[in-house]
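Here is the structure we will look at.
Lettering follows sequence order; numbering is per chain, from 1.
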Amino acid sequence: MAQKLTPMSKDFSRWYTDIVQLAELADHAPVKGCMVIRPYGFGLWENMRDKLDRMIKDSGHENAYFPMLIPESFMKKEAEHVEGFAPELAIVTHAGGKKLEENLVLRPTSETVIYHMYAKWTMSYRDLPILINQWANVFRWEMRPRFFLRTMEFLWQEGHTAHRTEEEAEKETRLALEMYREFAEKVLAVPVIVGEKTASERFAGAVRTYCIEAMMRDGKALQSGTSHMLGQNFAKAFDLKFQDKDGEVRFAWNTSWGVSTRLVGAVVMVHGDDDGLVLPPVIAPIQAVIIPIYRSDEERTGVLEAANKIKEATKGIVRIKIDDRDQYKPGRKFAEWEQKGVPIRIEIGPKDVANSQVVFKRRHDREKEIVPLDKVAELLPERLAEVQQLLFDRAKAFRDEKTMTVDSYDEFKEKIGDGGFFLAHWDGTDETEAKIKGETKATIRCIPLELGQEEGVCMVTGKPSKQRVVFARAY
RNA sequence: CGGGGCGUGGCGCAGUCCGGUAGCGCACCUGCUUUGGGAGCAGGGAGUCGUAGGUUCGAAUCCUAUCGCCCCGACCA
């Protein structure tokens with residue numbers, strides 16, 4: 001590793017593909033469109049997953065596991081769902097040396113199996129709600145794959161719930177959405193806009209789709225999580241019914257929500273710079289790396305002794321690595337760990353040992369700080385927390401700067417090429433949305449929930465609009 | 001599926017026009033000197049030139065077929 005990296009400004013998409021491989025997050029697999037998530041990338045995902053898993057459990061959900069193979073007929077039971085997913089299904093037709101009686105699809109998402117099972121488990125209103133999450137892999141036969149952002153097999157979490165009433169289901173949908181927002185902002189340090197999708201961008205089979213949208217460093221949007229109010233669509237398709245308090249038999253109300261390994265791509269594209277990754281401390285596989293500097297063997301011994309002291313003192317508090325590889329000089333190690341985005345580098349050389357101090361250097365802004373050796377265990381966690389916050393602030397400032405209000409379609413067309421979020425009025429029709437997409441490649445990322453109402457007129461048709469929506473080019 | 005590019009040691013490439021039996025950089029291995037911003041020197045290992053046919057005394061190079069990959073677009077978390 002440690003090769004030169006294409007600068008972001010020169011070719012963002014090249015920068016992205018390069019850094020994913022150089023930082024050893026992932027590599028191409030033998031099957032086109034599939035990737036191998038390497039230990040460093042998987043460590044990042046594991047940290048994200050563990051944090052989110054805690055949040056999911058703390059909000060009353062339980063984990064379970066449903067099978068990857070789904071009878072093909074299941075996929076066809078909900079009309080919109082089939083239509084939405086049919087083009088990207090991978091189907092098993094043969095097994096055990098024979099052609100199967102019924103084809104099996106590799107799940108592209110699990111609504112169908114899960115609601116089939118829920119139907120089996122639900123007799124009475126007393127059996128509700130069902131609040132289940134699963135961590136799984138899913139398959140979608142994509143035409144144009146990209147590391148983490150779009151691969152044919154990806155890892156995710158999908159929450160699936162069943163409720164007695166519509167209100168309760170809607171509340172659940174919003175709860176998941178809010179959980180995602182908190183996760184993105186606190187854990188990933190990625191600011192997001194929370195909103196509702198337009199009909200054209202809605203999940204296949206949902207009544208409403210909510211999402212969180214983040215802005216990448218090239219000004220493009222990345223849908224980073226979705227939460228769907230499924231209404232009774234799947235309940236009806238899978239006969240998920242219960243007898244209510246009043247004796248009536250009713251269909252349950254469902255929600256589903258998910259985030260995927262795509263978030264790894266989001267973290268890369270939100271925080272990275274021309275020197276490589278910049279990882280938020282909360283999820284960084286290595287939060288601080290110690291680079292020992294020495295000439296002689298005695299120096300080496302003294303320096304490594306200090307390094308080990310730090311590692312011991314922060315054990316269980318900070319994920320720390322001592323890079324004691326002897327074949328590389330410090331400069332090489334600096335460059336390598338910068339490329340890998342380790343939030344804080346700790347340099348320890350003979351001078352530092354002599355003065356009972358070390359040098360902290362932050363990855364994201366290169367700030368240096370001399371720290372007394374006996375203060376490291378105390379200060380390091382504080383500094384990491386500060387970095388976490390600074391990364392969020394920086395990303396938010398960037399996004400806000402690239403978010404503008406526009407009222408004229410001409411101005412919109414002129415500026416959309418530079419990226420960014422555009423708050424504009426829209427007449428609410430599919431036609432206008434499609435026209436804008438056709439002419440500018442920009443889509444409505446969401447109808448933001450927190451922007452508030454504002455009377456205005458559609459920038460394209462001049463028809464009345466009650467609030468602004470977020471337009472952007474997206475991944 | 002449309003457009004563009006490319007298949008040659010692990011990676012990146014030259015050589016292909018004009019056929020003569022494979023080379024460069026990085027990485028790797030060994031040794032010595034180095035070590036506070038990507039070390040230097042010396043020695044060394046490693047390639048059925050994507051695949052299959054054909055032309056030829058001789059093919060990485062010419063002809064035919066075929067497979068695959070990457071980038072840009074349509075689709076999508």
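- Taking the P atoms as reference points, B/rU61 lies 9 Å from B/rC17, given to the whole Å.
- Distance A/D326 CG to B/rU33 P: 13 Å, rounded to the nearest Å.
- Between A/H228 and A/Y210, the gap from one ring centroid to the other reaches at least 6.0 Å.
- OP1 and OP2 of B/rC70 both lie 4.0 Å or more from every side-chain N or O belonging to A/T17.
- Separation of the A/F147 and A/H28 ring centroids falls under the 6.0 Å cut-off.
- Per the geometry, CD1 belonging to A/I370 stands 17 Å off P belonging to B/rG36, to the nearest Å.
- On a pure distance criterion of 3.5 Å, a polar donor-acceptor pair joins the side chain of A/E338 and the base of B/rG37.
- Interface remark: the A/K329 side chain does not form any donor-acceptor pair with the B/rG40 base, using a distance-only criterion of under 3.5 Å.
- For A/S13, counting side-chain heavy atoms from C-beta on, the closest listed nucleotide (B/rA77, B/rC72, B/rG36) is B/rC72.
- Looking at heavy-atom distances under 4.0 Å, A/F85 makes no contact with the nucleic acid at all.
- Contact annotation for A/I291: no contact, since no heavy-atom pair falls under 4.0 Å across all strands.
- Each of A/D11 and A/E142 was matched to the nucleotide of RNA chain B holding its nearest heavy atom; the match closer to the 5' end belongs to A/D11.
- Comparing B/rU8 with B/rA22, their C1' atoms sit 9 Å apart, to the nearest whole Å.
- Here B/rC76 presents its P atom at 21 Å from CD of A/E153, a figure rounded to the nearest Å.
- Nucleotides B/rG10 and B/rA46, compared at atom C1', are 9 Å apart to the nearest Å.
- With both pairing distances under 3.5 Å, B/rG68 is matched to B/rC6 as a Watson-Crick or G-U wobble pair.
- Nucleic acid contact class of A/T151 (heavy atoms, under 4.0 Å, all strands): base.
- Residue A/R150 places a side-chain atom within donor-acceptor reach of the base of B/rC76, judged by atom type and a 3.5 Å distance cut-off alone.
- Note on A/D273 versus A/R394: no salt bridge recorded, every NZ/NE/NH1/NH2 to OD/OE distance being 4.0 Å or above.
- Here A/K437 lies in heavy-atom contact (under 4.0 Å) with sugar-phosphate atoms only.
- The partner of B/rG73 is B/rC1, by the rule that a Watson-Crick or G-U pair needs both atom distances under 3.5 Å.
- Between A/R345 atom CZ and B/rG38 atom P there is a gap of 12 Å when expressed in whole angstrom units.
- The partner of B/rG23 is B/rC13, by the rule that a Watson-Crick or G-U pair needs both atom distances under 3.5 Å.
- Comparing the P positions of B/rA14 and B/rG5 gives a spacing of 14 Å, expressed to the nearest Å.
- The two residues A/T255 and A/A169 make their nearest non-hydrogen contact at CG2-O, 3.2 Å.
- Relative to the side chain of A/R140, the nucleotides B/rA77, B/rG38, B/rC75 differ in distance, and B/rA77 lies closest.
- If you measure from atom CZ of A/R14 to atom P of B/rG12, you get 10 Å, rounded to the nearest angstrom.
- Between A/Y294 atom OH and B/rG36 atom P there is a gap of 11 Å when expressed in whole angstrom units.
- Distance noted for atom P between B/rA27 and B/rG15: 24 Å (whole Å).
- Base pairing analysis places B/rA39 opposite B/rU33; the two distances defining the Watson-Crick or G-U wobble pair are each below 3.5 Å.
- Going from atom CE of A/M35 over to atom CE of A/M152 covers 12.0 Å, rounded to the nearest 0.5 Å.
- Taking atom CG on A/D27 and atom P on B/rG10, their separation rounds to 14 Å, with Å as the unit.
- The distance between atom CZ of A/F139 and atom P of B/rA77, rounded to the nearest whole Å, is 17 Å.
- The aromatic rings of A/F74 and A/H116 are tilted relative to each other, their planes meeting at an angle between 30° and 60°.
- Distances shown here put every side-chain N or O of A/R144 at or beyond 4.0 Å from the OP1 or OP2 atom of B/rC76.
- Remark: ring of A/F154 overlaps the six-membered base ring of B/rA77 in a stacked fashion, centroids less than 5.5 Å apart, planes less than 30° apart.
- Between A/K333 and the phosphate of B/rG37, there is no side-chain N or O to OP1/OP2 separation shorter than 4.0 Å.
- If you take atom P in B/rG47 and the same atom in B/rG9, they sit 11 Å apart, rounded to whole Å.
- Partner assigned to B/rC28 is B/rG44, using Watson-Crick or G-U wobble distances below 3.5 angstrom.
- In this structure the side chain of A/F360 reaches within 4.5 angstrom of the side chain of A/V358, judged on heavy atoms.
- Only the P atoms considered, B/rC13 is 8 Å distant from B/rG7, to the nearest whole Å.
- Both A/T226 and A/I348 lie near RNA chain B, and the one whose nearest nucleotide falls closer to the 5' end is A/I348.
- Residue A/H28 has no polar side-chain atom (N or O) positioned under 4.0 Å from OP1 or OP2 of B/rC69.
- If you check every strand for non-hydrogen atoms under 4.0 Å, A/V259 touches nothing.
- If you check B/rG36, B/rA77, B/rC28 against the side chain of A/Y328, the one that comes closest is B/rC28.
- A gap of 42 Å separates the C1' atoms of B/rA52 and B/rU30, to the nearest Å.
- At the phosphate of B/rC75, neither OP1 nor OP2 sits under 4.0 Å from any side-chain N or O atom of A/K441.
- Nucleotide B/rU56 is matched to nothing when pairs are restricted to Watson-Crick or G-U wobble geometry with both distances under 3.5 angstrom.
- Ion pairing between a basic and an acidic side chain is recognised when a charged N comes within 4.0 Å of a carboxylate O; A/E433 and A/K437 show no such pairing.
- Using a 4.0 Å cut-off between charged nitrogen and carboxylate oxygen, A/E347 and A/R345 count as a salt-bridge pair.
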